[in-house]
Structure formats: structure tokens, C-alpha cells
K.L.:
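Input: one structure, supplied below.
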There are 2 protein chains.
Amino acid sequence: MATTELTATISDAEWRVMRIVWTLKQTDSRTIIDLLEQQHDWKAPTIKTLIGRLVKKGALATQKQGRQFIYTPQISEQAAMDAALMNELNQMCAMHRGTALVHTIDQLELSRADVQELITHLQAKLATAPEEVDCDCLPDGCEGSCAN
Amino acid sequence: MATTELTATISDAEWRVMRIVWTLKQTDSRTIIDLLEQQHDWKAPTIKTLIGRLVKKGALATQKQGRQFIYTPQISEQAAMDAALMNELNQMCAMHRGTALVHTIDQLELSRADVQELITHLQAKLATAPEEVDCDCLPDGCEGSCAN
DNA sequence: ACTTTTGGATTACAGATGTAAACTCTAAAT
DNA sequence: ATTTAGAGTTTACATCTGTAATCCAAAAGT
């Protein structure tokens, strides 16, 4: 049977809905709609559609409570974030990922604790870090030709 | 007039094409097709479509050369990567971005130089890093309610 | 000059996504 | 018991994406 792939892709708009539910741990559609109508110019039906799609995708679970439903996340926020980020990075040239991270982290606001943890993890990586990471954009590798 | 938004979104499949052109700096469709047919199960027409869309989007420039075209990137690879990454992160809860980065970097293969540079930049951030970065998933902020 | 390649353009088509109106119940109010 | 408001479902529809077959004209080969 279809194990309802918990790996279903969540679209940008759907991601907004998930963030609300993740944060509240569990809620009803009324709350989701109220909150999202404040953040965006979405009409209630739009949000209902998004909720419906997330349920169908298995990202949200429903639990009947009177005339309505209580929605709960079926996937962990952190796991979803990690996966989305890895996904994005894996789509890019391996050789330039590091620089992209540098540029991004530079612009990002991170807590002292997070910065500290990142430093710790990175220092641990230093030991085994390869001298070079090759470009993987071409079928065979782009050794010579890739001069940047 | 339409300034041909250089910010046009590049889809996943299109991204593959861009990587080839970015790496080769400039090429003809024959080369792109040959290379991509090796990496994926795409038929030549599929790749042609992708190239066409990228040209229309302004991501690739064409330069007639005999019966064919020479394609050149109109956007910098690094800029596109940085933007895509920032974009992805900005879509997520500000409070958990740091952890997502930690998890991702842990799994990523980075060159010694990149790791080193990341450490340097992070150490510089330590000085001004805020004690906490609040969750920004709810309209007002999710202070109390956000206990994770 | 004629035929065969083949690069690029046109057309196709299903599924995903953003956005939302319309509809149908049924629990809640009276 | 009736009415009604609101939760969830169905339908809608344009655009984007993945994937590809066709078509056309010019170049290349013979």
C-alpha cells in the first residue's frame, strides 16, 4: 500500500500553513485562516485549499472535534527544514556550495548559540575536510575546464 | 519597459542546464544536449525546451554563430546560488534556521578552505550575534507559545 | 542540384501550484 | 424543530514545470 510518502514536497504557499501548525503544535482551521489572512492577502478559501492539500499529502493529520478538525503536523519542522536545505544545496555545483554558504550566513541573523555551534561543528570538520571539492556539473567531472 | 527581470526563477530542471553553461562559460546546444543526455534520461527535445525557456527568461543569452547559437549565462552562478539559498532559508522559521544550517553543514562535503572561511566569518559574527532570534511564524511573533 | 542532417521553433499534455468561488453539510443557536 | 453560520469539499482556472513529439528551414554532404 502507498505509505503516504512522508517525503511529499511542500510548496511555498503550503509551507506558510505548516509553519503556523508547527508553531502552534495543533490547531483548527479557523485559527490558521485568521493568522494567515493577517500575513498575506489570501482569502479564506485559498487557505482552505492549502490545508486540504497538506492533509492529502500526509503533512497534516486531522482529528475530528465536533463539527471541525484539529490539525497536527505529521512531519517534523526541523526535519523538513533540513531536507529542504540539503535539497537546495545538492542541486548546486558542489564546488561552489561552500561560498554560497559563506555569503548566506553573512546575511543571516543567527543567535550567539547557533553561531557557536556552527563553529564547533566546522572545527570538527576541519580534520577530515578534503583539500578540494570538485565541480560536479558535468557528467565526468569538469577538472581542467572548470577554472573558477 | 520590462527590464527582463534577471531575478526570474529557474526551475530544477532548468538549473541543470544552467550548471552546464555556467561551467563551460559558453556553448552550443549540441554540447548541452550531449552532456545532459548522459546525466539524465532526457530526450533532446526536452533539453531544447529547457534551453528555450531559459533564453526567454533571460537567464541565457544567444549569439548566432552560423546555423546555430552560442549560449552564455546572463546571471552569475554564485549570485544565483546565494539567492536560491537565502530564499529557501527565508521561507523557514527564523528561530530554527541556525539548527538547519548545522545539520546541513554536518552532512555536506566542504573543502578545508571553505570550512576555514566559514569559521572566520562566524567568529566575526559572534560579536554582534543576538542572544536569541525569535520565531517569526505567527503574525505578531510567537513568544510564549513557541516553546521549542 | 538534391537529399539528408539537425538546430531551433511550435505544439502537446499531464501534473503541480497559486488563488479563489461555489456548494454542501451539520453542529449550534433560537 | 428550524434556521443558520461556518467547516470542509468540489470545482475552476491560469501559469509553471517536466517531458517530449513534430515541424521547418538552412546547412552539409554527395
Side-chain angles (χ1 to χ4, degrees), chain A residues 2 4-5 7-21 24 26-72 80 84 87-88 91, chain B residues 2 4-5 7-21 26-72 84 87-88 91:
Chain A
T4 312
E5 278 297 341
T7 320
T9 41
I10 292 171
S11 79
D12 286 7
E14 288 163 2
W15 196 272
R16 306 311 295 207
V17 177
M18 288 306 291
R19 284 178 63 181
I20 299 283
V21 188
L24 302 181
Q26 102 183 67
T27 7
D28 51 84
S29 68
R30 186 89 296 280
T31 308
I32 299 178
I33 290 173
D34 284 346
L35 294 175
L36 283 177
E37 274 183 329
Q38 275 178 256
Q39 308 185 242
H40 310 279
D41 300 296
W42 294 344
K43 306 299 174 204
T46 299
I47 302 168
K48 288 182 180 185
T49 298
L50 295 173
I51 294 176
R53 288 179 183 168
L54 284 167
V55 171
K56 180 178 309 178
K57 285 184 183 181
L60 286 181
T62 58
Q63 186 186 328
K64 193 145 221 156
Q65 190 235 280
R67 56 340 216 350
Q68 59 186 91
F69 283 140
I70 296 295
Y71 297 93
T72 352
N87 212 55
E88 193 67 39
Q91 188 122 301
Chain B
T4 313
E5 278 297 341
T7 321
T9 41
I10 292 171
S11 79
D12 286 8
E14 287 162 3
W15 197 271
R16 306 313 295 207
V17 177
M18 288 306 291
R19 284 178 63 183
I20 298 284
V21 188
Q26 102 181 69
T27 8
D28 51 85
S29 68
R30 185 89 296 280
T31 308
I32 300 177
I33 292 172
D34 283 347
L35 293 175
L36 283 178
E37 274 183 329
Q38 275 178 256
Q39 308 186 245
H40 310 280
D41 299 296
W42 295 343
K43 306 297 174 207
T46 298
I47 302 169
K48 289 182 179 183
T49 297
L50 294 173
I51 294 176
R53 287 179 184 168
L54 284 167
V55 170
K56 181 177 309 178
K57 285 186 182 178
L60 286 182
T62 58
Q63 187 189 326
K64 194 145 222 156
Q65 190 235 278
R67 55 344 217 347
Q68 59 185 92
F69 284 138
I70 296 294
Y71 298 93
T72 354
N87 211 56
E88 192 67 38
Q91 188 123 301

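The figures here come from the full heavy-atom set of this structure, side chains too, leaving out hydrogens, waters and symmetry mates. Convention: sequence-line order gives letters A, B, ...; per-chain numbering from 1.
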K.L.:
Kindly say if A:Ser11 contacts the phosphate of C:dG18, meaning a side-chain N or O under 4.0 Å from OP1 or OP2.
P.N.:
yes

K.L.:
With no angle test and no hydrogens, is the base of D:dT9 tied to the side chain of A:Arg67 by a donor-acceptor pair under 3.5 Å?
P.N.:
no

K.L.:
Separation of A:Lys48 atom NZ from C:dC23 atom P, in whole Å?
P.N.:
14 Å

K.L.:
Against B:Tyr71, only a single residue in B:Ile32, B:Leu54, B:Asp28 fulfils side chain to side chain contact (heavy atoms under 4.5 Å, CB included); can you say which?
P.N.:
B:Ile32

K.L.:
Hey, does the side chain of A:Tyr71 come within less than 4.0 Å of D:dA7's phosphate (OP1/OP2), counting only N and O?
P.N.:
no

K.L.:
Relative to the 5' end of DNA chain C, which residue comes earlier, A:Gln68 or A:Glu14, by the nucleotide with the nearest heavy atom?
P.N.:
A:Glu14

K.L.:
Specify the separation, in whole Å, of atom CH2 of A:Trp42 and atom P of C:dT17.
P.N.:
13 Å

K.L.:
Could you give the distance from CD1 (B:Ile10) to CZ (B:Arg19), rounded to the nearest 0.5 Å?
P.N.:
12.5 Å

K.L.:
A:Arg16 has an atom CZ; how far is it from atom P of C:dT17, in whole Å?
P.N.:
16 Å

K.L.:
Does C:dT17 have its OP1 or OP2 closer than 4.0 Å to a side-chain nitrogen or oxygen of A:Lys56?
P.N.:
no

K.L.:
Nearest 0.5 angstrom please: A:Gln26 CD to A:Gln65 CD, how far?
P.N.:
9.0 Å

K.L.:
Please evaluate the base of C:dA20 for a donor-acceptor partner in the side chain of A:Thr49 within a cut-off of under 3.5 Å?
P.N.:
yes

K.L.:
Heavy atoms within less than 4.0 Å of DNA chain C: which residues of residues 27-37 of chain A have one? Give them sorted by number.
P.N.:
none

K.L.:
Quickly work out the B:Leu50 CG to C:dG8 C1' distance and round it to whole Å.
P.N.:
14 Å

K.L.:
Could you tell me how far apart B:Phe69 (CZ) and D:dA25 (P) are, to the nearest whole angstrom?
P.N.:
15 Å

K.L.:
Return the value, rounded to whole Å, for the distance between atom CD1 of B:Ile51 and atom P of C:dT10.
P.N.:
15 Å

K.L.:
Starting from P on D:dT17, measure out to CH2 on B:Trp15 and report it in whole angstrom.
P.N.:
13 Å

K.L.:
A:Arg53 CZ to D:dG8 P: how many Å, rounded?
P.N.:
17 Å

K.L.:
Which part of the nucleic acid does B:Lys43 contact within heavy-atom distance under 4.0 Å: base, sugar-phosphate only, or nothing?
P.N.:
sugar-phosphate

K.L.:
To the closest 0.5 Å, what do you measure between NZ (A:Lys56) and CZ (A:Arg53)?
P.N.:
8.0 Å

K.L.:
Working to the nearest 0.5 Å, report the span between OG1 of A:Thr46 and CD1 of A:Ile33.
P.N.:
10.0 Å

K.L.:
With heavy atoms under 4.0 Å as the rule, sort A:Thr46 into base, sugar-phosphate or nothing.
P.N.:
base

K.L.:
Let me confirm one number: the OG1-CG distance from A:Thr27 to A:Leu35, rounded to the nearest 0.5 Å.
P.N.:
8.0 Å

K.L.:
When rounded to the nearest 0.5 angstrom, what distance separates CG in B:Asn87 from CG in A:Asp12?
P.N.:
7.5 Å

